[in-house]
Amino acid sequence: MAKTFDVGIESLGSNGASQEAGHQVVGRPAGAGGLLPLPLRGGRDGDAAVTPAATTGKSFFLETFGCQMNDHDSEKVAGVLQGRGYHAVESPAQADLVLYNTCSIREKAAQKVFARLGDWKTLADGKIIGVLGCLAQQEGEEIFERAPWVSLVCGSASYRKLPELIAQLESGGRRVTGLDLDTDETFETELTRRDNLLRAYITIIEGCDYACSYCVVPHTRGPERSRASDAVLAEARRLADAGYTEIQLLGQTVNSYRDPSPLGWKFVDLLRAVAAVPGIRRVRFTTSHPNDFHRSIVDAIDEVPELCDHVHLPVQSGSTRVLREMLRAYTREEYLQKIEWIRAARRPISITSDIIVGFPGETEADFAETLSLLDTAKYDAIFSFKYSPRPNTSAMHMPDAIPEEEKSRRLAVLNERQRAIQIAANEKLVGQSYEVLVDGCHPARTQWGGRTSCNRLINFTSPHVNLLGEYVQVKITRAGPNSFAGEHVT
Ligand code: 5AD
Ligand code: SF4
């Protein structure tokens with residue numbers, strides 16, 4: 001298989017890459033692997049209901065670690081700062097305010113942030129260094145102990161307080177924190193800086209009310225809070241007016257959405273309404289919890305062409321015994337029932353998943369059940385992780401920890417099995433044509449890249465120029481495990 005088009009991609013790769021592995025510096029998001037992404041930022045202010053305040057000469061640098069929720073939170077934080085007259089700079093050395101929006105889902109992610117903070121030990125002089133996001137919430141004021149040069153620690157549930165915290169710092173405050181979790185508010189901004197010219201994110205639900213025994217999110221992001229449907233729809237309309245055609249609805253458990261307004265919409269009602277916004281051609285949503293995944297969502301995808309034919313439905317383990325220990329609230333059979341609904345849809349819907357190996361007490365037989373679930377579910381891709389014990393989780397002190405080498409072995413076996421599934425499935429797609437939204441180009445401009453509705457990455461050749469941002473038909477000519485090569489059907 002030619003290496004050039006078998007590029008790693010963030011959402012369809014089954015290479016053991018973790019979702020927090022990629023991190024992003026505002027203004028330079030990752031594009032289609034191997035290709036240059038579309039020029040980003042500056043062209044479009046999706047939510048620019050207000051004009052940024054006149055620049056004050058103050059600058060900021062914001063680096064983001066972790067998931068898409070964090071990416072989008074960073075867009076909102078950047079909007080708040082620009083609203084206060086700050087301008088973004090490309091390197092932390094140039095900035096007056098250096099912010100890290102952090103992830104703590106696995107230990108490695110947290111270590112990475114502390115390494116970054118360590119860089120400032122002797123260099124912080126005169127700068128304000130701030131830690132935002134999940135690690136901020138998890139470690140709280142401990143961060144000041146470990147890195148005394150940090151002045152701001154704020155978890156995502158307190159972002160609504162950010163303008164006030166920044167004002168305190170501007171007026172000479174030494175150390176400010178936003179660490180409350182007991183909020184029923186969501187983070188609304190007047191101005192959101194949009195860093196991707198093609199795909200706009202809308203958070204519809206924040207926090208999480210599940211209590212999966214391995215997961216820090218309920219602790220770091222607080223309880224579930226849904227946004228009112230009219231606010232979501234107004235944002236979607238503004239984005240469409242600004243020229244966006246693709247919207248991704250975000251939430252840790254996006255399909256647990258419950259409209260707090262008197263309309264009382266369920267997730268599927270909101271999904272249909274966003275897809276009906278004039279100008280919107282693609283609506284994605286992530287991440288779905290299997291427990292709240294109802295057949296009505298599949299019916300909606302079947303009926304509404306604007307709803308993308310892709311569902312990310314993390315299973316975590318194929319063993320009902322492990323799922324019970326994980327407090328996932330469903331059995332293997334209940335999960336597979338939902339996969340059957342999706343597979344029975346009138347149009348093919350791609351399915352992706354998250355899987356954890358080496359959860360405490362996971363036996364060889366449990367692991368074998370996860371492998372057999374791969375064969376049954378036939379995912380289009382998975383994100384696979386070695387279990388990482390996290391503070392403030394109920395699994396933290398569970399007995400029968402699996403040794404690190406064994407976790408690595410299981411991860412490799414899992415990924416090998418999934419790779420074979422993807423190679424076989426992808427080969428069958430050669431010769432098919434798909435509509436692709438072009439989001440990257442090779443410098444030589446003879447090769448383009450983009451995503452299908454089912455989120456497959458296709459790199460293709462075309463006699464045309466200026467395809468970025470266009471929807472084009474592409475015929476698949478070769479298949480790799482994680483991506484495809486094709487040619488523009490003109
Ligand atoms: N260890 C390993 N993986 C984890 N995830 C969440 N918590 C942990 C942990 N402690 C994974 C889950 C989740 C994805 C975002 O990260 O698979 O779906
Ligand atoms: Fe974590 Fe479970 Fe909530 Fe997902 S549903 S964010 S895995 S606690």
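Positions are given from 1, in the same order as the sequence printed here. Here the structure is a predicted model, which means the values were calculated and not measured. Atoms within each ligand, like the ligands themselves, are counted from 1 in listed order.
Ligand 1 places these atoms under 4.0 Å from at least one heavy atom of K386: 1 (N), 2 (C). Atoms of ligand 1 found under 4.0 Å from any heavy atom of Q316 (numbered from 1 in listed order, with element): 12 (C), 13 (C), 17 (O), 18 (O). Near Y387, meaning under 4.0 Å from any of its heavy atoms, are these atoms of ligand 1: 1 (N), 2 (C). Close contacts between ligand 1 and R106 involve ligand atoms 1 (N), 2 (C), 3 (N), 4 (C), 5 (N), 11 (C), 16 (O) [criterion: under 4.0 Å to a heavy atom]. Of all the atoms in ligand 1, the ones that sit under 4.0 Å from a non-hydrogen atom of I356 are 3 (N), 4 (C), 5 (N), 12 (C), 17 (O). Annotation for ligand 1: atoms under 4.0 Å from non-hydrogen atoms of R390 are 10 (N).
Smallest separation of non-hydrogen atoms from V254 and I204: CG2-CD1, 3.6 Å. Closest approach of S288 and L313 over heavy atoms only: CB-CD1, 3.8 Å.
Using cut-offs of 30° and 60° for the angle between ring planes, the H312 and F383 rings count as perpendicular.
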List the steps and the verdict of salt bridge (charged side-chain N to carboxylate O under 4.0 Å, His left out) for E75 and R199.
CA-CA 13 Å; E75 291 180 327; R199 180 182 290 183; over 6 Å; no
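Ion pair D180/K161 flagged as a salt bridge, since at least one NZ, NE, NH1 or NH2 atom sits closer than 4.0 Å to an Asp/Glu carboxylate oxygen. Between K338 and E334 no salt bridge is recorded (no basic side-chain N to carboxylate O distance below 4.0 Å). Between E369 and R321 there is no salt bridge, since none of the side-chain N atoms of the basic residue sits less than 4.0 Å from a carboxylate O of the acidic one.
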Please tabulate, for side-chain N and O atoms in residues 260-275, each donor-acceptor pair with protein atoms closer than 3.5 Å (sequence neighbours left out).
unit_1	atom_1	unit_2	atom_2	d
S261	OG	D259	OD1	3.0
S261	OG	D259	OD2	2.9
S261	OG	L263	N	3.3
D269	OD2	K266	N	2.9
R272	NH1	E303	OE1	3.2
R272	NH2	E303	OE1	2.8

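If you look at Y214 next to ligand 1, the close heavy atoms, those under 4.0 Å, come from the backbone and the side chain alike.
Evaluation of the side-chain hydrogen bond (donor to acceptor under 3.5 Å, both in side chains) test over residues 204-218, restricted to residues two or more places apart or in two chains, returns E206-R225, Y210-D292, Y214-Q316, Y214-R328.
The side-chain hydrogen bond (donor to acceptor under 3.5 Å, both in side chains) check on R347 picks up D309, with sequence neighbours excluded.
Protein N/O/S atoms found under 2.8 Å from atom 3 (Fe) of ligand 2: C208 SG.
The closest protein non-hydrogen atom to atom 4 (Fe) of ligand 2 is R328 NH1, 4.3 Å. Distance from atom 7 (S) of ligand 2 to its nearest protein heavy atom, with residue and atom name: Y214 OH, 3.3 Å.
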